[in-house]
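Data block below; observations after.
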Amino acid sequence: MHWADVAAKALSHKGDKHIVSTGITPSGEFHIGHLREILTGDMIARAARNAGLDVEFVFVVDTADPLRKVYEFLGPEYEQFIGHQLGSIPAPDADGNPDWKRFEEGWTYGDHFLKPFLEALEQIGVRPRIIDNLESYQSGKFDALAKIACDRADEIREAIERISGRELAEDWFPWSPLDSKGSLDGVKVTGYEYPLVHWHDSHGVDGTSDISKGEGKLPWRIDWPAKWGWIGVTCEPFGKDHGAAGGSYATGREIVQILGHEAPHPLTYEWISLKGQGAMSSSAGNTIGPIEALELVPPEILRLLVAKSKPNKAIEFDTGMSLVNLADEYERLAARDYTSELANEELSRRQRVQVEDAAGAMRMAAVEEGKVAQATAVTFRHLALLAQTKTTDDAVWDSLRHAGAIEQPTQSLIDRLTRMRAWIDSKHFPLEMKISILDAPNHSALAELNDDERSVLNSLAKALEDCEWNATSIGAAIPQSAKNMELSPKAGYRAAYAALMGKERGPRLAPILAEMDQKKIVELLNACAEHIN
RNA sequence: GGGCCUGUAGCUCAGUCAGGUAGAGCGUCGGACUUUUAAUCCGAUGGUCGCGGGUUCGAACCCCGUCAGGCCCGCCA
């Protein structure tokens with residue numbers, strides 16, 4: 001069973017109606033690590049729906065969280081906003097300075113980072129109900145539960161201290177009021193009678209905060225269970241940082257009971273890291289955003305990345321060769337017929353599980369829920385080759401038609417080619433996939449050739465010199481040059497690849513050579529032949 | 001110090017919850033396809049299941065210990 005189906009099954013034991021929730025703080029650029037959170041939730045919701053449950057998927061945007069520090073992409077002016085809520089401060093402009101003008105129009109820091117992420121989600125087929133946390137506080141959604149938290153502050157303090165093993169400050173209070181400047185930092189609570197919390201701030205000012213109007217927020221460890229309560233969350237995936245013993249889920253599951261609700265079914269997931277660069281971190285500049293990723297990778301393949309790995313497995317992502325392998329794996333999986341595979345009675349239990357997991361992963365990878373992926377009959381590798389050798393899209397389609405792979409390009413294939421071209425032009429495209437013809441003989445590659453293959457070089461140079469310079473003639477000339485010497489065509493290809501590309505094998509040479517200068521190619525071949533003799 | 005996760009074929013992993021002959025994909029190697037040679041098809045290769053004990057008729061799986069890697073125990077996502 002696919003991991004999402006396992007989770008759905010667990011939910012089905014608890015009831016028929018479910019709310020799967022995810023949440024992210026929009027403190028900076030979103031990256032594909034965040035995508036795991038939201039895709040994990042989306043996939044559980046799909047699986048639950050599949051299992052006949054009534055399920056809603058929500059995404060809480062934590063705009064009530066304060067700005068923690070002046071990040072590297074922010075100008076020094078942001079110093080004044082430290083401690084202020086992300087949904088109540090201006091967004092950075094292109095230079096990292098506060099964009100006051102758009103702020104007046106209602107464009108906040110939170111919006112700035114959220115908007116592109118939501119567009120990415122749209123493309124990737126995730127359409128959650130969005131809940132703005134700051135707005136939820138201000139409209140009183142937290143009111144009732146925040147009241148219980150404040151009324152029963154001692155019990156909550158005891159739970160946090162016992163479970164997390166840390167000691168809370170003497171003046172700790174389960175409500176963080178906004179101070180006279182609008183910051184959550186450095187405020188001391190001096191008294192409480194619902195709905196007012198009295199405080200003394202770091203500027204020496206005294207004031208009151210109205211809980212029911214969201215003039216402040218619950219500290220994170222209470223904020224989370226309170227959300228579970230008022231939203232009615234029954235399942236929530238979260239990063240392994242929250243899952244640790246003494247972490248916020250451990251305290252949350254107990255606090256939520258004090259608040260009069262049940263804890264949601266948890267699912268901890270591992271991080272996605274960039275290969276060789278460790279965990280993703282905006283400050284280290286080694287992030288890749290969902291938007292950037294989608295410019296290179298089709299959404300269903302990005303979904304497969306998350307779908308095929310069980311949540312507790314760390315994912316290593318990179319935009320080079322593993323992407324090619326992932327994409328080709330997608331094609332292979334799409335080409336299989338799972339129904340007939342599963343009909344085979346002779347499958348061992350183990351094999352059956354493997355087939356089921358593959359089928360499940362593909363079901364979860366589909367951008368449109370319930371849609372069955374169609375194999376495109378064109379691998380990523382092949383498309384990469386065509387995109388590099390054909391300047392126009394039409395030429396690519398012609399080539400594929402000619403090969404009998406397609407009749408008309410589908411929309412998804414057209415999208416894929418567009419992304420492929422973007423990928424090729426980007427810094428991410430792996431050298432290994434780049435097609436290049438040598439300028440000078442590659443000695444070590446030539447040394448690998450056997451005597452037969454070497455002997456073809458002269459004949460090959462001559463054949464190409466004499467042939468008409470188009471793909472068809474070149475294509476005929478390469479094997480013919482070997483046949484002339486009573487050798488198998490293989491010898492001709494081997495010789496050609498070693499001489500022209502410095503490799504043992506490669507993509508079809510003829511169409512590539514046809515785009516190049518005949519004289520140069522012949523010269524290179526002659527130089528290689530000479531080198532050998 | 002306390003806790004969680006991970007360790008299985010060259011690589012990526014499944015199989016661990018419900019113990020019953022070690023599984024896939026990729027890679028590699030070989031063959032076929034006499035010109036779609038990054039393709040396709042067929043075949044083969046490949047593992048002291050991190051290590052040591054224990055329970056059991058039987059352990060990758062359960063229990064105890066141990067080693068290695070990652071993470072958490074900060075008003076923190």
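Each chain gets a letter, A, B and so on, in the order the sequences are listed, and its residues count up from 1.
Ion pair A:Asp62/A:Lys227 flagged as a salt bridge, since at least one NZ, NE, NH1 or NH2 atom sits closer than 4.0 Å to an Asp/Glu carboxylate oxygen. The residues A:Asp65 and A:Lys217 are annotated as salt-bridged, a charged nitrogen and a carboxylate oxygen being separated by less than 4.0 angstrom. A salt bridge between A:Glu270 and A:Lys310 is absent, with no side-chain N of the basic residue lying under 4.0 Å from a carboxylate O of the acidic one. Salt-bridge formation is not detected for the pair A:Asp185/A:Arg68: no Lys NZ or Arg NE/NH1/NH2 atom is positioned less than 4.0 Å from an Asp or Glu carboxylate oxygen.
Rounded to an integer number of Å, the gap from CD1 of A:Ile512 to P of B:U36 is 15 Å. As a whole-Å value, the separation of A:Arg157 CZ from B:C75 P is 12 Å. Rounded to an integer number of Å, the gap from A:Phe238 CZ to B:C5 C1' is 13 Å. Distance CG (A:Leu304) to P (B:C26): 14 Å, rounded to an integer number of Å. Atom-to-atom, NE2 of A:His2 to P of B:G15 comes out at 11 Å; the value is rounded to the nearest Å. Protein atom CG of A:Asn484 is 13 Å distant from nucleotide atom C1' of B:U35, rounded to whole Å. Whole-Å rounding puts the A:Lys308 NZ to B:G25 P distance at 14 Å. For A:Met433 and B:A38, the CE to P distance is 12 Å, given to the nearest whole Å.
Side-chain proximity of A:Lys217 to the nucleotides B:A77, B:C73, B:A38 is greatest for B:A77. Distance from the side chain of A:Asp241 is smallest for B:A77 among the nucleotides B:A38, B:A77, B:A14. In the set B:A77, B:A14, B:C26, the nucleotide with an atom closest to the side chain of A:Lys227 is B:A77. Set against B:C76, B:U37, B:U35, the side chain of A:Tyr497 has B:U37 as its closest nucleotide. In the set B:G25, B:U37, B:A77, the nucleotide with an atom closest to the side chain of A:Asp65 is B:A77. In the set B:U35, B:A14, B:A77, the nucleotide with an atom closest to the side chain of A:Lys313 is B:A14. Among the nucleotides B:A77, B:U35, B:U12, the one closest to the side chain of A:His242 is B:A77. Here the nucleotide nearest the side chain of A:Leu385, chosen from B:A14, B:A38, B:U37, is B:A38.
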Please list, pair by pair, any protein nitrogen or oxygen found under 3.5 Å from a nitrogen or oxygen in nucleotides 16-19 of chain B.
residue: B:U16; atom: OP1; partner: A:Arg349; partner atom: NH2; Å: 3.3

Between the protein and nucleotides 29-31 of chain B, which nitrogen or oxygen pairs are less than 3.5 angstrom apart?
none

Contacts under 3.5 Å, N or O only, protein and nucleotides 59-61 of chain B:
residue: B:A60; atom: N6; partner: A:Arg350; partner atom: NH2; Å: 3.1

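Taking the six-membered ring where tryptophan is involved, the planes of A:His34 and A:His31 are essentially parallel, since the angle between them stays under 30° and well short of 60°. Ring geometry for A:His242 versus A:Trp220: interplanar angle of 30 to 60°, hence tilted.
Put simply, A:Arg68 has a side-chain N or O that comes within less than 4.0 Å of OP1 or OP2 on B:A77. Using a 4.0 Å cut-off, no side-chain N or O of A:Lys69 falls inside it from OP1 or OP2 of B:C76. Under 4.0 angstrom from either OP1 or OP2 of B:U12 there lies no side-chain N or O belonging to A:Asn325. For A:Lys240 and B:A77, the shortest distance from a side-chain N or O to OP1 or OP2 is not below 4.0 Å.
On a pure distance criterion of 3.5 Å, no polar donor-acceptor pair joins the side chain of A:Glu329 and the base of B:G25.
Toward the 5' end of RNA chain B, the nearer of the two residues A:Asn312 and A:Ser176, judged by each one's closest nucleotide, is A:Asn312. Residue-to-nucleotide proximity on RNA chain B shows that, of A:Ser309 and A:Ala491, the 5′-proximal contact is made by A:Ser309.
Rounded to whole Å, the separation between the C1' atoms of B:U8 and B:U48 comes to 12 Å. Comparing B:C49 with B:C62, their C1' atoms are spaced 16 Å from each other, to the whole Å. Comparing the P positions of B:A9 and B:A60 gives an interatomic distance of 15 Å, to the nearest angstrom. Atom C1' of B:C26 sits at a distance of 28 Å from the matching atom of B:U35, rounded to the whole Å. A distance of about 6 Å separates the C1' atoms of B:A59 and B:G19, rounded to the whole Å.
Distance alone, capped at 3.5 Å, places no donor-acceptor pair between the A:His112 side chain and the A:Gly28 backbone. Of the possible donor and acceptor atoms, none in the side chain of A:Gln480 sits under 3.5 Å from a partner among the backbone N and O of A:Ala463.
Within 4.0 Å (heavy atoms only), A:Gly239 reaches no atom of the nucleic acid at all. A:Asp328 comes within 4.0 angstrom of nothing in the nucleic acid, heavy atoms only. When heavy atoms are screened at a 4.0 angstrom cut-off, A:Ile435 is found touching base atoms of the nucleic acid. A:Asp185 comes within 4.0 angstrom of no nucleic acid atom, judged by non-hydrogen atoms across all strands. Contacts of A:Arg494 with the nucleic acid, taken as non-hydrogen atoms under 4.0 Å apart, are absent. Residue A:Thr25 is classed as a base contact, given a heavy-atom separation below 4.0 Å to a base.
Using a 4.5 Å heavy-atom cutoff, the side chains of A:Arg416 and A:Phe380 are in contact. Using a 4.5 Å heavy-atom threshold, the side chains of A:Ile44 and A:Leu11 count as touching.
For A:Glu161, the CD atom sits in a packed shell: over 12 heavy atoms of surrounding residues, nucleotides or ligands are nearer than 6.0 Å.
By the side-chain hydrogen bond (donor to acceptor under 3.5 Å, both in side chains) test, A:Trp224 is found to be paired with A:Glu236, residues two or more places apart in sequence or in another chain being considered. Residues satisfying the side chain to side chain contact (heavy atoms under 4.5 Å, CB included) test with A:Arg419, not counting sequence neighbours, are A:Gln123, A:Pro298, A:Pro299, A:Asp415.
Where pairing requires Watson-Crick or G-U contacts shorter than 3.5 Å, the helical stems of RNA chain B with at least three consecutive pairs are B:1-7 with B:67-73, B:10-13 with B:23-26, B:28-32 with B:40-44, B:50-54 with B:62-66.
For the 3.5 Å distance criterion, the side chains of A:Thr251 and A:Arg221 qualify, holding a donor opposite an acceptor.
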Under the side-chain contact (heavy atoms from CB on, under 4.5 Å) rule, what do A:Ile130 and A:Val61 come out as? Steps first, then yes or no, please.
CA-CA 7 Å; A:Ile130 310 287; A:Val61 186; 3.8 Å; yes

Trace of the ring-ring contact (aromatic ring centres under 6.0 Å, His included) decision for A:Phe117 with A:Phe113
CA-CA 7 Å; A:Phe117 187 63; A:Phe113 292 109; over 10 Å; no

Go through A:Tyr269 and A:Phe238 one step at a time and tell me if the ring-ring contact (aromatic ring centres under 6.0 Å, His included) criterion holds.
CA-CA 6 Å; A:Tyr269 60 85; A:Phe238 44 82; 7.7 Å; no

